[in-house]
2 protein chains.
Amino acid sequence: MEEQGRRRAGRPRTPLLSRELILDTALRLLDERGEAGAGMREVARELGVRPSALYNHVAGREDLIGGIRELISDRIDVDCFEELPWDEALIRWADSYRAAFAAHPPTIALLATTPLTPDSRTSLMYDAVVRALVRAGWPEERALAVIVAIEAFLLGAALDAAADPDMLDPGPRDDVREFSGAFAARKRALAAAGGGPADEAYRIGIDAIVAGLRAELISGR
Amino acid sequence: MEEQGRRRAGRPRTPLLSRELILDTALRLLDERGEAGAGMREVARELGVRPSALYNHVAGREDLIGGIRELISDRIDVDCFEELPWDEALIRWADSYRAAFAAHPPTIALLATTPLTPDSRTSLMYDAVVRALVRAGWPEERALAVIVAIEAFLLGAALDAAADPDMLDPGPRDDVREFSGAFAARKRALAAAGGGPADEAYRIGIDAIVAGLRAELISGR
DNA sequence: ACCTGAACACCGTTCAAGT
DNA sequence: ACCTGAACACCGTTCAAGT
């Protein structure tokens, strides 16, 4: 990092690294350089240390990614379930969930595909949500499905947000008239209203899901 | 593959490879061995060929993955938009979309994070969906947001389906009573009804989204 | 306990040489 | 045009040696 002179082998008098320092550095590099910046070797280089030194503090790359996930997940708001009606709380929760990951776009693709090792904080979050759903009248055996469905949408929306905004651009061609028209119309509407296509799709989707869930709960299913 | 004797260098009398053969083989290996089986070297080995030989037919790994995506996407049903009301068609489309990827679980994580190079078939699909939505009364500038929202959910649900069914298992602990209870209740309900947790969450989610969209369209919004 | 240094077993990709 | 063979520039990870 700032060290200049070559360090001799052997244990340093005071530790150079810690799990926390490694995770913070990895997340920062991820933000600065994208997915490529989060390798064991890159993190080590940034810390002015040999790659093998990291293994004294993290179990390996998978553990590193899991640690980053926890760092980000800590930003998710679960208090809302104690303060708001279940449907409003669900939206508040989803919004903060999305915001937490949207603050670190390059992490999304990385975290999305790394299976999560269940940690206690995540379980506490699920507990809060389940409690609110059951209290609101959802059958206990269906509560998790509701949560998983919303998380699926959040994950997909986060991946979408991390992608190129012009991803769908059909380009100049005349065999997809309606599609081209809709693409141009969306562009105009977004330019006038502000915000990006991913934000708009997220808002439509989360509102639709929660509205649909509300209707299902009322109708008895 | 079946060849035994070492081939001499130089162009073979009849080509050993083709783009199609390479893509088919890669998809098969992906299914058989998981994400690890789709490397350039693995595909080459399976075809009894040197890795560098593949570059005569595909541009590289990214092109390979893009080709696999197209192979799978061809299974998505878009005819339903000409035959059914928009909301029913949306569900039919989503179901076939999901089924296409669910048939190849290991591909999902791979495809989810590889940015898609817009090909013409995908654009044709979007065109069909936009046409149906606009015909049903959706504002042209909002049609794409509806599609993107549903695709986000599909992508997330597909990732979820590819994950470990017991992923959320809180294990034995007494500080998340409601969560543990819901987990056990879900397990019992699924054992009785059949199907996996991912299927249940998908069904709840897609039905809720489309119900919410239907309500939004009717209410004018 | 916690670092260096050297090694191992992998990747994807390039390119000259051969037919 | 389409393959082999050798190389290059990467990965994550292990482990003995040093303090």
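Small disclaimer: the values here were computed from a predicted structure and weren't measured. The basis for the numbers below is simple: all heavy atoms, side chains too, and nothing from hydrogens, waters or symmetry mates.
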Asker: Toward the 5' end of DNA chain C, which comes first, Ala38(B) or Arg8(B), by nearest nucleotide?
Answerer: Ala38(B)

Asker: What are the two closest non-hydrogen atoms of Pro165(A) and Arg186(A), and how far apart are they?
Answerer: O-NH2, 3.8 Å

Asker: Taking Ala53(A)'s backbone N and O only, do any of them form a donor-acceptor pair with Asn56(A)'s side chain (distance below 3.5 Å, no angle check)?
Answerer: yes

Asker: Taking N or O atoms only and anything under 3.5 Å, show me the protein contacts with nucleotides 7-10 of chain C, one pair per line.
Answerer:
none

Asker: Could you state the CD1-C1' distance from Ile22(A) to dC2(C), rounded to the nearest angstrom?
Answerer: 11 Å

Asker: Between Arg61(B) (side chain only) and Ala38(B) (backbone N and O only), is there a donor and an acceptor less than 3.5 Å apart?
Answerer: yes

Asker: Where along residues 50-59 of chain B does a heavy atom come under 4.0 Å from DNA chain C, residue by residue in number order?
Answerer: Pro51(B), Ser52(B), Tyr55(B)

Asker: What is the distance, to the nearest angstrom, from the CZ atom on Arg7(B) to the C1' atom on dT4(D)?
Answerer: 9 Å

Asker: Please confirm whether the backbone N or O of Gly196(B) pairs with a side-chain atom of Asp199(B), one donor and one acceptor, at under 3.5 Å?
Answerer: yes

Asker: Take atom CG of Leu47(A) and atom P of dC3(C), then tell me their distance rounded to the nearest Å.
Answerer: 10 Å

Asker: From CG of Leu17(B) over to C1' of dA1(D), roughly how many Å is that when rounded to an integer?
Answerer: 12 Å

Asker: Would you say the side chain of Leu155(B) lies within less than 4.5 Å of the side chain of Leu155(A), judging by non-hydrogen atoms?
Answerer: no

Asker: Which pairs pass ring-ring contact (aromatic ring centres under 6.0 Å, His included) with one or both residues in residues 46-74 of chain B, sequence neighbours excluded?
Answerer: none

Asker: Would you kindly give the CD-to-P distance between Glu35(B) and dG12(C), to the nearest whole Å?
Answerer: 12 Å

Asker: Report yes or no: does Arg7(B) contribute a side-chain atom to a donor-acceptor pair with the main-chain N or O of Gly48(B) at less than 3.5 Å?
Answerer: yes

Asker: Could you state the atom-to-atom distance from CG of Leu16(B) to P of dT4(D) in whole Å?
Answerer: 7 Å

Asker: Does the side chain of Leu133(B) reach to within under 4.5 Å of the side chain of Leu90(B), using non-hydrogen atoms?
Answerer: yes

Asker: Pairing donors with acceptors under 3.5 angstrom, does anything connect the side chains of Asp95(A) and Tyr202(A)?
Answerer: yes

Asker: Mind checking ring-ring contact (aromatic ring centres under 6.0 Å, His included) for Tyr97(A) and listing every partner two or more places apart, or none if nothing turns up?
Answerer: Trp93(A), Phe101(A)

Asker: Please set out all donor-acceptor pairs under 3.5 angstrom arising from side-chain atoms of residues 171-179 of chain B, sequence neighbours excluded.
Answerer:
{"unit_1": "Arg173(B)", "atom_1": "NE", "unit_2": "Asp175(B)", "atom_2": "OD1", "d": "2.8"}
{"unit_1": "Arg173(B)", "atom_1": "NH2", "unit_2": "Asp175(B)", "atom_2": "OD1", "d": "3.2"}
{"unit_1": "Arg173(B)", "atom_1": "NH2", "unit_2": "Asp175(B)", "atom_2": "OD2", "d": "2.8"}

Asker: Among dC3(D), dC2(C), dG12(C), which nucleotide has an atom closest to any side-chain atom of Pro15(A)?
Answerer: dC2(C)

Asker: How many whole angstroms separate atom CZ of Arg13(B) from atom C1' of dC2(D)?
Answerer: 14 Å

Asker: To the nearest angstrom, how far is Arg11(A) atom CZ from dT4(C) atom P?
Answerer: 14 Å

Asker: Reading DNA chain C 5' to 3', how would its secondary structure be written in dot-bracket notation, given Watson-Crick and G-U pairs with both distances under 3.5 Å, brackets [ ] for crossing pairs and | for partners on other strands?
Answerer: ||.|||||...|||||.||

